[in-house]
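Residue numbers start from 1 in every chain, and the chains themselves are labelled A, B, ... in the order their sequence lines are given, proteins ahead of strands. What's counted below: heavy atoms across the whole structure, side chains too, no hydrogens, waters or symmetry copies.
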Amino acid sequence: MEDQDPHGMAAQQAAAKEYQPDLPNYLVGDKMPSSAITEEYAKADATYVEKTIALPGQYSHYRPVQGDGNCGWRGKFDPSKTFSRRSIGFAYFEKLIEAGGAQIESECNRLIGMNSMLTDIGGYAFELYEDWADDFISCLREVGSHAGTPMAHALLFQKWNDGPATAGYIYYMRLLAATYLKANADTYDPFIADSAGIHGYCQHSIEMVNREIEHLGITALVNVLLKPVNMVLEIAYLDRSPGSQVNKYRLPEEANNLSESSLGPIIYLLYRPDHYDILYREPQPLSIQVHRVNSVSDNAGIAPIHEDPNAFGAMDLASLAMIPGFTESMPIRPSNVGHQGKMPQHDPWVQSFAMPVSTPTPPMVAPPSNPSLSPHSAMGPSQPPPPPSEASSGMMTAAPECTIRFSALQYQYDGGNSGPVEPFQVTTSTFKNSVWNRAHFGNPDFHPEEWSPEDENMDGRLGVAKRRGSKRD
Amino acid sequence: MSTKRLAKEHAELDANPPEGFTIRLPPSQSLHTWHIIHRPPPESALHPGQFGLVLSLPPDYPFKPPTLKFVTRVYHPNVTDDSLGNVCLGILKSENWKPSTKISAVLDAVRNLMIEPQPDDPLEERIAEEYRRDRPAWEEKAKAYVAKYAMDEPEFPASAS
């Protein structure tokens, strides 16, 4: 079929080419378990499969990062023009946040001090780069002012996803790298085949927005930005080279022969032929968990509103009513409680759908002393829920009322004991729609539901509930 | 961010405009559109003319190059001989553009282009050919264009883009 429609095939191929593996709206994505990479390569060739299976054991998490080589941050993603400055920049900020506010402040001062180097050695006019330098440094400061709180990471994430701003950060990093190369022209000139030497390389490669970073550019960036703060860059190469694990290489070079424990903070990058993502080695405390704990303890302050035991009773009932068949056997307090319990009587659909909505948000119920309890167990302190045995006995007693005939004998027995037929007690929609419901036309003792004015005022229902409640007491 | 830099560049050029250039901001428009009047120096064949140019700065300036258009017709190998007035300037091509290039450098390039056309990188092949083969004929036509279109203060379109 594809052969018959080469045009469609070509269109599909073109679409595949433009497919963006990363979330296109995020320049820097969310941190994810690196097992996602394993899954991504599950159907790739054996080398990739083997290396990506080993990857989560080496690096627990990763963060997808979009390339910045293509100067358009929201423009078309061009894999051939991606590079690692965004990854390095983001990870550098991240490591500094972990190092704390004092380190950030001294780093800001160091960067400000480098301005004269950019002018004198780099040859860049101050008025050209001052905005980028200012933005970079003030971003670092702002993020640093929240160091030690989850806010710092959230702010960092937000800042590095602001396209126009990050273009400035990244260009500033380019200028730093170029300045470093120019300052060490003697060392690096031999690397440049071009007769223009390092100055020409900076002019034609590093200073252009749409040029890919090369090894030299990364080396320069590491030396100018990371090395002075004792950071190390480790790049894991995921490629077709033989081996069962990704090849690793560290910058600065001397870090390769040292053990990890003797090194400062390490920024891990995952290199794939068209991509640099950030890797993480240790599972840091998941920020999600931090938020959860925070939100519970925040709400704990609200909880004392429910000091009135009746309020808790209402919660109990509402929550329990969500469990099929429980309304029957529940002790109901003479309060607004009854009303909530009553509702499903009239309309099973209200029970199935409206009930959870009308229930207060479970975490709000949690008493301050038990912030970690689940909503259901949180009710414990104020009112123990009926033990399972009681619940089941409640079900048993409910059975005769519903005139479920298990045998002829039972029918007689029931008839003898329960006396006049009690008001119909159905709580679950499943039951109400079954033939066991006497109001169902398929029931042998079919009797349609009747409206009575008392029902409207829930008297009959409450009467039963009261009787049952007192029985249990 | 780009507006900070733009404001700075505009303030500099406004206070100290390069020779032969007048810069105005169109009313009620942001810094992203500039109206420029250029009067080429006497050594240019286009000399007594006044040429209106619209400089448009993209929102992501300086990471994307500005675009430049002539609003005044000019008989020139590097400017389209139509109402669009597209102009070919090397430093504004996206593959050559650097964020560190300033607008004053762009204006310098415009002045040079008006003094010395670049027939090897033309937008109007026919005019480039004439410029190369028969310079006096080109100069004559260029001056005729100046007399016809470029003697008065240029008028800028209201919604210049």
Side-chain angles (χ1 to χ4, degrees), chain A residues 27 67-76 78 80-81 85-86 118-119 122-139 159 162-179 182 199-212, chain B residues 1-19 21 23 25 29-34 55-68 88-112 118 121 161:
Chain A
L27 300 169
D68 59 84
N70 189 10
C71 59
W73 30 90
R74 295 221 168 83
K76 202 172 130 255
D78 183 351
S80 66
K81 292 192 176 158
R85 258 175 216 116
R86 190 186 305 280
L118 283 171
T119 309
Y124 306 108
F126 178 66
E127 67 263 29
L128 276 180
Y129 67 78
E130 68 164 320
D131 285 351
W132 300 320
D134 276 358
D135 286 351
F136 189 89
I137 294 164
S138 61
C139 171
K159 292 261 179 198
D162 174 3
T166 59
Y169 306 156
I170 289 163
Y171 201 77
Y172 174 66
M173 288 160 74
R174 280 174 185 266
L175 294 185
L176 284 179
T179 301
K182 286 177 182 173
H199 281 78
Y201 173 77
C202 290
Q203 213 171 353
H204 297 120
S205 188
I206 294 192
E207 290 166 21
M208 309 297 287
V209 275
N210 55 354
R211 292 296 149 85
E212 186 163 350
Chain B
M1 190 221 101
S2 62
T3 35
K4 241 172 25 186
R5 160 147 171 197
L6 260 184
K8 219 183 295 172
E9 288 201 62
H10 179 261
E12 268 171 36
L13 290 171
D14 202 37
N16 196 6
E19 208 188 322
F21 286 93
I23 294 159
L25 291 182
Q29 288 222 29
S30 67
L31 278 170
H32 288 269
T33 306
W34 295 17
L55 183 75
S56 303
L57 297 129
D60 27 12
Y61 175 82
F63 298 102
K64 288 260 176 69
T67 53
L68 192 65
C88 175
L89 265 190
I91 56 167
L92 292 184
K93 289 182 180 170
S94 61
E95 66 267 29
N96 297 330
W97 173 256
K98 284 183 205 169
S100 51
T101 308
K102 293 171 71 173
I103 293 171
S104 60
V106 176
L107 299 183
D108 286 346
V110 170
R111 185 176 36 228
N112 290 337
Q118 305 284 317
D121 191 13
S161 57

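For the pair A/Glu127 and B/Lys102, the tightest heavy-atom approach, listed with the atom from each and the gap, is OE2-NZ, 3.1 Å. Nearest approach of A/Trp132 to B/Pro62, heavy atoms of both residues: CZ2-CG, 3.6 Å.
For chain B, the nearby parts of A/Gln203 are the backbone and the side chain; heavy atoms of each come within less than 4.5 Å. Neither the backbone nor the side chain of B/Glu9 comes within contact range of chain A; no heavy atom of the residue lies under 4.5 Å from a heavy atom of that chain.
Under 4.0 Å is where a charged nitrogen must lie from a carboxylate oxygen, and between A/Asp131 and B/Lys8 at least one such pair does.
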Stepwise, does the salt bridge (Lys or Arg N to Asp or Glu O under 4.0 Å) test hold for B/Lys4 with A/Asp134?
CA-CA 11 Å; B/Lys4 241 172 25 186; A/Asp134 276 358; 5.1 Å; no
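Scanning for salt bridge (Lys or Arg N to Asp or Glu O under 4.0 Å) contacts around A/Glu207 gives A/Lys182, B/Lys98, with sequence neighbours left out.
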